[in-house]
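Below, read A as the first sequence line, B as the second, and so on, with proteins coming before strands; counting in each chain starts at 1. The analysis underlying the following values was restricted to heavy atoms, covering all of them including side chains, and did not include hydrogens, waters or symmetry mates.
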Protein chains: 2
Amino acid sequence: MSQEYSSSLDAERARVLQISAKLFREKGFDKTSVRQIAEACEILPGSLHYRYKSKDEILVDMMRVAIDRTIRRTIAASASMADPVLRIRAALKAHMEVLLSGDDMVYVLLFEWRALSGEARKEIMRERDRYERHWDAMLDALQIQGMIRKDINTKTLRLIGLGAINWMATWYRPDGGQSLDEICDTLWSIISRGILEHVGR
Amino acid sequence: MSQEYSSSLDAERARVLQISAKLFREKGFDKTSVRQIAEACEILPGSLHYRYKSKDEILVDMMRVAIDRTIRRTIAASASMADPVLRIRAALKAHMEVLLSGDDMVYVLLFEWRALSGEARKEIMRERDRYERHWDAMLDALQIQGMIRKDINTKTLRLIGLGAINWMATWYRPDGGQSLDEICDTLWSIISRGILEHVGR
DNA sequence: GTCTATACTCTGATAGAC
DNA sequence: GTCTATCAGAGTATAGAC
C-alpha cells in the first residue's frame, strides 16, 4: 500500500502548491512566510515540513507545474487547428487563457523567477526555452510558407507578442470592461493587420 | 546657508536613490537589506538613516522620480513631432529608451510596485494613471482624425503596446542580437501594419 | 552628521515527544 | 504524520556617544 500513501502525499503537495500560489501571487514570494502558508493550509508549520522540506522547494515545484501546464495547453490548442494562421491565433489565445483564467501558478512563474536560486533557476530557464522554441518553430514555418512578411524578425515578433500577453497579467481583471475574448480579438487584429487606416508610411 | 545644506542633502539622497535602484533591480527590493544599501553607498546604516528614515521611503521616492522622468521624456519626444502618426511613434520610442537605456529606477517602478504599502501605493497609482491618460488622449485624437481604425479599442491598444515594451525589460540586453532601434522598428511595423502577407482574414 | 552598539521582531528550519 | 517548542540568524530601525 505504499502506492496509496505516496499518492495521498502527492495530493497533499498539490493542495499546498495551489494555496501557496494564491499567497505568492497576492503578497509575493518573499513577503509570504512559511507560517502563513501553513495557516492557509490549515496545518502547522511542522506538518508543512513533511510535504515540502523548504520554501524554495515549493516555488520550484510550482514553476515546474506551471510551465508544463502552459506548454501542454498551448500545444494542444495549436494542434487542434489545421489552418496555420488560425493555429497561431489559437496558441495565442491558449497562452492568454492559461495565464489569465485564475491560474496563480503561471502568474508566479512569470513574476517570481528572480527568487530562484542558482541550479533551480537554470532548470526553469531551460524549460522556458523549450516553450519559446515551440513558438519560434511555429512562426518560422509560417514565414517560410510566405504567410508572414519576410522583413519581420520572428524572434522579436515572439517576444513582442508574448510580452504583450504576459504584461496583461498586471492589469487584467475578470470583472473589467473587456472580456478575454474581446482583448484577444483586439490583440490579434493589431498583430495580424495593424492599426493604421492608411498603410504605406 | 541653510539652502546650501539642504541642497547637499538632496544630492546625497539622489546618490542613495541611484545606488539603491541598481541593487533593487538586481536583487529585488525585498532581498536587498538596508545594510547592503549603506555598504554600497560607502556609509554606515546609521548615516543612511539621516538621508532616508526607512527603506520604504527610498522606494517611494525612487518611484516618484522614475514616473516623473518617464512622463517628461515621453511628452517631450511626442511634442517634438508635428505629424500625429510620427508623434506616437516617437512617444513609443521614448518609452522604450527611458526603460531600457539603463535607467534602473524605471525598471524598479514597473516591477516592484507590489512592495508598496497602502497610501504610497495609491499615490504611485495616481501618477501612473496620469501617464496613461496622456497616452489615451494621444490615441483617441488619432482615432477621431480617422488615422486609427474605428474598430480598435484605444485603451486596449495602449495596454497592449506599452505592455509589449514593458515586458522587454525582462529580456532585453544591450549586448544582444538586436539594437534598440531595430526592436523599435519591428514593434512599430507590427503595430502599424501587422504581420500577415495577405490581409483579409 | 556620523558612528557604535543594540533593541526588537520575524524569518526558515528542525528536534523530539506523541 | 502531527504536534510543541525552540534554534540560529537576519531583518529594520534607533538610541546615544562623539
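Rounded to an integer number of Å, the gap from A:E12 CD to D:dG1 P is 10 Å. Rounding to whole angstrom units, OH of residue B:Y52 and P of C:dT2 are separated by 15 Å. In this structure, the CG atom of B:L44 is 5 Å from the P atom of C:dT4, given to the nearest Å. Per the geometry, CZ belonging to A:R13 stands 14 Å off P belonging to D:dG1, to the nearest Å. When the P atom of D:dC3 is taken as reference, atom CD of A:E39 falls 13 Å away, rounded to whole Å. Rounded to whole angstrom, the span from the CD1 atom of B:I37 across to the P atom of D:dG11 amounts to 11 Å.
Proximity of B:Y50 to the phosphate of C:dT2: no side-chain N or O atom is located under 4.0 Å from OP1 or OP2. Of the side-chain N and O atoms in A:S47, none sit less than 4.0 angstrom from OP1 or OP2 of D:dG1. Under 4.0 angstrom from either OP1 or OP2 of D:dG1 there lies no side-chain N or O belonging to A:R51.
Taking 4.5 Å as the limit, some side-chain heavy atom of B:L116 sits within range of a side-chain heavy atom of B:M63. A:L157 places none of its side-chain heavy atoms less than 4.5 Å from the side chain of A:W135. Taking the side chain as every heavy atom from C-beta outward, A:R25 and A:K22 never approach each other to under 4.5 Å.
Because its NZ or CZ atom is not both nearer than 6.0 Å to the ring centre of B:F29 and within 45° of the ring axis, A:K31 does not count as a cation-pi partner of that residue.
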Checklist entry - What string of B, S and - do you get for nucleotides 12-18 of chain C 5' to 3' if you count protein non-hydrogen atoms under 4.0 Å? => result BBB----
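Taking the ring centroids of B:W167 and A:F111, they lie under the 6.0 Å cut-off.
The aromatic rings of B:H95 and B:Y131 sit parallel to each other, their planes meeting at less than 30°, with 60° as the upper class boundary.
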